[in-house]
Number of protein chains: 2
Amino acid sequence: MPDSQDNIIGVIGGMGPYAGLDLIEKIFSQTDAHSDQEHLPVALLSYPGLIDDRAQYLFGKSTSNPADAIAGIALQLDRLGAVVAGMPCNTAHAPAIFDRIVQQLEKSGARLRLLNMIDETVDFLANHRPEARRVGIMSTQATYRLRLYSDRLEKAGLGVVLLEDGVHDELVSQSIYDPEYGIKSCSSPVHPVARQNLLAAIGRLAENGAEAIILGCTELPLAVPEAEINGIPLIDPARVLARALILSTYPERLRPIEEAADAA
Amino acid sequence: MPDSQDNIIGVIGGMGPYAGLDLIEKIFSQTDAHSDQEHLPVALLSYPGLIDDRAQYLFGKSTSNPADAIAGIALQLDRLGAVVAGMPCNTAHAPAIFDRIVQQLEKSGARLRLLNMIDETVDFLANHRPEARRVGIMSTQATYRLRLYSDRLEKAGLGVVLLEDGVHDELVSQSIYDPEYGIKSCSSPVHPVARQNLLAAIGRLAENGAEAIILGCTELPLAVPEAEINGIPLIDPARVLARALILSTYPERLRPIEEAADAA
């Protein structure tokens, strides 16, 4: 056995704390491993108290850019021996935050490469779902308003299918945040109202021409875990990010897409 | 916001990888937190490839003591700022491994204190279930044979209730390891045969006088998540360890036992 570990996968957690665990679970479940020892080396730093609210900053309610704290955590992962890292939080991928983290890593001479979950998701669509030319998006309202997925999809030459504001709010945002039936309040099991409204949103996006749908909020796959519904692939960015982290470090250990979906 | 994190909770993962996530989930779910920022700082190092099989060493099939690799990981957690750490693996608590880790930490002048999950479990019983004077144990065969819980319970003046070898093997070990219905092969959902056999084992322990039962293997609470069955408390050592880690760092944030059980 070696006495120190290299080629480590880093996870910047705490945004929120459970999303960090979810990403690691998706790394483990998509790894071809037949014993404890065959699982991949992962380091998680989950320090939520250091990281200010991302949406507050992006919508001008705070002047403190959480990028600085996130870059500090990424540098600690770099010093631990992580060569690549992921950050399971859509809002932290807004260019005003993400680009500043990357700049600070470069300035510090870090070897660690921070993957971009949104880029990885759009690349995954292009490589594995090339038949989907029009892509629907479900997310928090912040991700919708910031056009985090929309802009990247359009840059990749793909069509974007959105729900009208009122409908998105009622069917998607409420399914995430409602204190009675929202997934944040009630996730095991998910409340049937949340599931039913999200299925209705998927139906609306399909009617509007979506040929694949991005579940752009870490809570959504808890309520709609299916790989596809009525033939329309549902794309979970955290699962895609987990695959990209494995591919960057131990590509020979990545399970095929279908097999990994069955195990989930 | 502070720009570095102290008073970190460390988790030595990888034994197995999912048990590390499970411990962290139990820290989060027992923390009184109303926003991402209120959750506690946790660092997980899950490097399973560095840590040789614990049972192989303890039963003389290998001469390499995994304590050295585990101590190396604990020292990395110490350098990250962790003041306390937990290790969600029963077998690694055998004195031949655990005591050597602690010696190496002391020799290196580490500030980090490694909690002992088995001691914490027995202390929890004494403090919170004082009416239970005879305690049943369900675990892997290795933990049974090594008497990890039995010896500590007896030292604390408590009676130990065990199943006969053949019965323990059929009802408990098989429910963990059977390739068809065991929890390691089949956990979401757990196979009804595993659940039914474990309930039968609980019944047998109760008949033999157990007034509380320790679920001394990280897989067991997946199949019997109840806090008690027929009035007999079921004790999950990983949940107890999570409580002890919170108590050692942020005691004011620990949720009361009953409330935390409802949320689980």
Side-chain angles (χ1 to χ4, degrees), chain A residues 1-11 13-25 27-29 31 33 35-54 62 64 66 68-69 71-73 76-77 79-82 89 187-188 225 250 263-264, chain B residues 1-11 13-25 27-29 31 33 35-54 62 64 66 68-69 71-73 76-77 79-82 89 187-188 225 250 263-264:
Chain A
M1 293 256 153
D3 66 356
S4 80
Q5 182 66 60
D6 54 13
N7 215 20
I8 290 165
I9 296 172
V11 174
M15 303 180 277
Y18 288 99
L21 297 187
D22 174 67
L23 175 62
I24 302 177
E25 195 281 325
I27 295 170
F28 293 165
S29 66
T31 300
S35 68
D36 287 357
Q37 283 75 17
E38 286 178 25
H39 273 283
L40 306 184
V42 171
L44 162 75
L45 300 183
S46 181
Y47 301 160
L50 295 184
I51 308 176
D52 281 315
D53 190 275
R54 284 70 64 197
S62 151
S64 154
D68 300 348
I73 294 167
Q76 289 195 50
L77 287 168
R79 283 193 292 271
L80 279 171
C89 169
S187 68
S188 62
Y250 300 85
Chain B
M1 292 252 153
D3 64 357
S4 79
Q5 182 66 60
D6 54 13
N7 215 20
I8 291 165
I9 297 173
V11 173
M15 304 179 277
Y18 288 98
L21 297 187
D22 174 67
L23 175 61
I24 301 177
E25 196 282 324
I27 295 170
F28 293 165
S29 66
T31 300
S35 68
D36 287 358
Q37 283 75 19
E38 286 178 27
H39 273 282
L40 305 183
V42 172
L44 162 74
L45 301 183
S46 180
Y47 301 160
L50 295 184
I51 308 174
D52 281 315
D53 190 276
R54 284 69 65 197
S62 150
S64 155
D68 299 348
I73 294 167
Q76 289 195 48
L77 287 168
R79 284 193 291 270
L80 278 172
C89 169
S187 68
S188 62
Y250 299 86

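Here the structure is a predicted model, which means the values were calculated and not measured. Note that these values count all heavy atoms, side chains included, but never hydrogens, waters or copies made by symmetry.
In this structure, A:R79 CZ and B:R79 CZ are separated by 12.0 Å, a value rounded to the nearest 0.5 Å. Taken to the nearest 0.5 Å, the CG atom of B:D36 stands 9.0 Å off from the CE atom of A:M15.
When heavy atoms are compared at a cutoff of 4.5 Å, B:I9 does not approach chain A at all. With a threshold of 4.5 angstrom between heavy atoms, A:I8 approaches chain B through side-chain atoms but not through N, CA, C or O. Both the backbone and the side chain of B:E25 come within contact range of chain A, with heavy atoms under 4.5 Å apart.
Of the listed residues B:V11, B:I24, B:I73, B:L44, the one with more heavy-atom pairs under 4.5 angstrom with chain A than any other is B:L44. Taking chain A as the reference chain and counting heavy-atom pairs below 4.5 Å, the highest number among B:G16, B:P17, B:P41, B:A43 is found for B:P17.
Considering every non-hydrogen atom in both A:L50 and B:Q5, the closest pair reads CG-OE1, 3.5 Å. Across every non-hydrogen atom of B:F28 and A:S46, the tightest pair is CZ-OG, 4.0 Å.
B:L80 has its side chain within reach of A:L80: a pair of non-hydrogen atoms, C-beta onward, lies under 4.5 Å apart.
Between B:L21 and the choices A:V42, A:D22, A:L21, the side-chain contact (heavy atoms from CB on, under 4.5 Å) rule is met once, by A:L21.
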